[in-house]
Amino acid sequence: MLFWLAAAALLAPQADAAGERAFDRHAENQRYRQWLDTFRQDLGRLRNIPPPRAADLDAHFANSIVPGSRAAKLMKELAAASPGGVSGEIRFAGIQRIFLGVLADSVVAGDGGIFPETQPAFQQTALRVRYMHVDGGGRAERYFSDPETFKPYRLPEPGVFARDAYPFLLFEERDGKLRLGGVSKEFWDLVTFMDALQHA
């Protein structure tokens with residue numbers, strides 16, 4: 001999927017070039033919860049209107065998603081995805097609902113500094129790496145302990161960006177508010193892992 005932050009396009013672990021800054025986990029989680037409420041409202045309104053054109057989705061999510069970002073591409077794919085279904089007596093949640101559930105189970109755990117963007121199409125907006133701890137009710141332990149995914153599963157040092165270490169999201173910060181700009185492969189693979197558990 002196009003919205004993944006492919007490892008091949010990223011730089012090696014590095015500290016924030018702008019220097020270290022104080023990281024207040026409590027304040028960051030308050031801002032994250034405010035963002036999640038806004039995003040949830042945007043997503044809820046999307047379910048209650050006729051299917052919008054792909055070009056209209058940037059405007060629809062303007063308060064929660066950076067227009068033209070990888071996250072905006074993700075919204076276009078999620079908007080077109082199946083809402084779920086029923087097989088026998090089992091009701092399966094669609095990927096959109098699974099994604100929202102993983103976001104709801106997430107808390108900001110650390111700061112990875114400014115994302116070292118290498119693709120010109122996405123360089124117009126500086127996005128900050130937020131490492132996310134995802135509880136998952138114990139169901140995600142097999143994913144986090146997979147040595148092929150995490151090398152190993154760990155929270156990087158403050159201000160240091162690292163792959164294959166911890167799931168992360170990318171956020172734009174403006175006027176004290178957040179907008180989502182990207183979803184890491186580590187985070188999205190967790191979403192698809194949780195989706196697959198429905199069929200296990």
Side-chain angles (χ1 to χ4, degrees), residues 1-18 21 23 28-29 31-36 38-40 42-43 46 54 57-81 95-96 98-134 143 149-150 155-156 159-175 177-195:
M1 289 187 174
L2 295 177
F3 52 83
W4 279 359
L5 307 180
L10 303 179
L11 301 179
Q14 64 180 49
D16 180 359
R21 72 172 192 177
F23 177 73
E28 292 299 331
N29 274 290
R31 292 205 300 163
Y32 175 71
R33 289 295 150 188
Q34 291 169 351
W35 169 80
L36 184 58
T38 301
F39 176 66
R40 188 180 282 117
D42 289 345
L43 207 54
L46 185 66
L57 285 171
D58 275 354
H60 182 88
F61 286 98
N63 291 323
S64 59
I65 303 293
V66 177
S69 65
R70 290 184 177 89
K73 293 179 180 294
L74 168 57
M75 289 307 103
K76 292 176 174 64
E77 296 197 23
L78 289 181
I95 194 69
Q96 185 184 114
I98 296 292
F99 178 55
L100 187 58
V102 174
L103 290 172
D105 283 343
S106 299
V107 295
V108 180
D111 169 38
I114 298 298
F115 180 66
E117 183 59 70
T118 61
Q119 296 190 32
F122 301 118
Q123 287 178 340
Q124 67 273 21
T125 304
L127 301 174
R128 198 162 194 96
V129 175
R130 284 291 178 255
Y131 295 113
M132 309 301 293
H133 172 74
V134 185
Y143 174 70
T149 302
F150 297 101
L155 179 62
V160 174
F161 171 69
R163 297 305 312 230
D164 306 323
Y166 225 72
F168 64 87
L169 300 173
L170 300 181
F171 285 103
E172 173 198 64
E173 306 175 25
R174 180 182 297 179
D175 300 326
K177 296 182 179 180
L178 302 178
R179 290 198 300 181
L180 183 67
V183 176
S184 70
K185 185 177 186 299
E186 293 86 346
F187 193 97
W188 186 254
D189 281 354
L190 172 60
V191 174
T192 58
F193 175 85
M194 299 298 278
D195 181 38

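Since this is a predicted model, take the numbers as computed values, not measurements.
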What is the ring orientation for Phe115 with Phe168, classed by angle as parallel under 30°, tilted 30 to 60°, or perpendicular over 60°?
tilted
What pair of heavy atoms forms the shortest contact from Ala72 to Ile65, and how long is it?
N-CG2, 3.6 Å
Roughly how far apart are Thr192 OG1 and Asp189 CG, rounded to 0.5 Å?
5.0 Å
Exercise: identify the closest heavy-atom pair between Ile98 and Asp195
CG2-N, 4.0 Å
Please round to the nearest 0.5 Å and tell me the distance separating atom CG of Leu100 and atom CG of Asp105.
10.0 Å
Phe171 side chain near Arg31 side chain, heavy-atom distance below 4.5 Å:
no
Under 3.5 Å, is there a donor-acceptor pair between the side chain of Glu186 and the main chain of Ala165?
no
For Tyr131 versus Gly112, what's the shortest heavy-atom pair and its separation?
CE1-CA, 3.5 Å
Exactly one of Arg130, Arg33, Arg128 should register a salt bridge (charged side-chain N to carboxylate O under 4.0 Å, His left out) with Glu28. Which one does?
Arg130
Side chain proximity check, Phe39 to Leu180, heavy atoms < 4.5 angstrom:
no
Taken to the nearest 0.5 Å, the spacing of Thr125 OG1 from Leu170 CG works out to 11.0 Å
Hey, does Phe161 have a side-chain heavy atom less than 4.5 Å from the side chain of Ile114?
no
State, to 0.1 Å, how close Glu172 and Leu127 come at their nearest heavy-atom pair, and which atoms those are.
N-CD2, 3.6 Å
Identify which one of Lys76, Arg179, Lys73 satisfies the salt bridge (charged side-chain N to carboxylate O under 4.0 Å, His left out) criterion when paired with Asp58.
Lys76
Closest non-hydrogen atoms of Val129 and Asp111, given as atom of the first, atom of the second and distance, are O-OD1, 3.5 Å
One should read off an interatomic distance between Leu190 CG and Trp188 CH2, to the nearest 0.5 angstrom, of 10.5 Å
Mark yes or no for whether Trp35, through its side chain, and Lys177, through its backbone, hold a donor-acceptor pair below 3.5 Å.
no
Can you confirm whether Val108 sits close enough to Met132 that some side-chain heavy atom of one is under 4.5 Å from a side-chain heavy atom of the other?
yes
Note: Phe122 and Gly68 closest approach over all heavy atoms is CE2-O, 3.5 Å
Would you say the side chains of Asn63 and Thr38 form a donor-acceptor pair under 3.5 Å?
no
Can you tell me how far CD of Gln124 sits from OG of Ser69, rounded to the nearest 0.5 angstrom?
8.5 Å
How many angstroms lie between CG in Leu57 and CG in Leu74, if you round to the nearest 0.5 Å?
11.0 Å
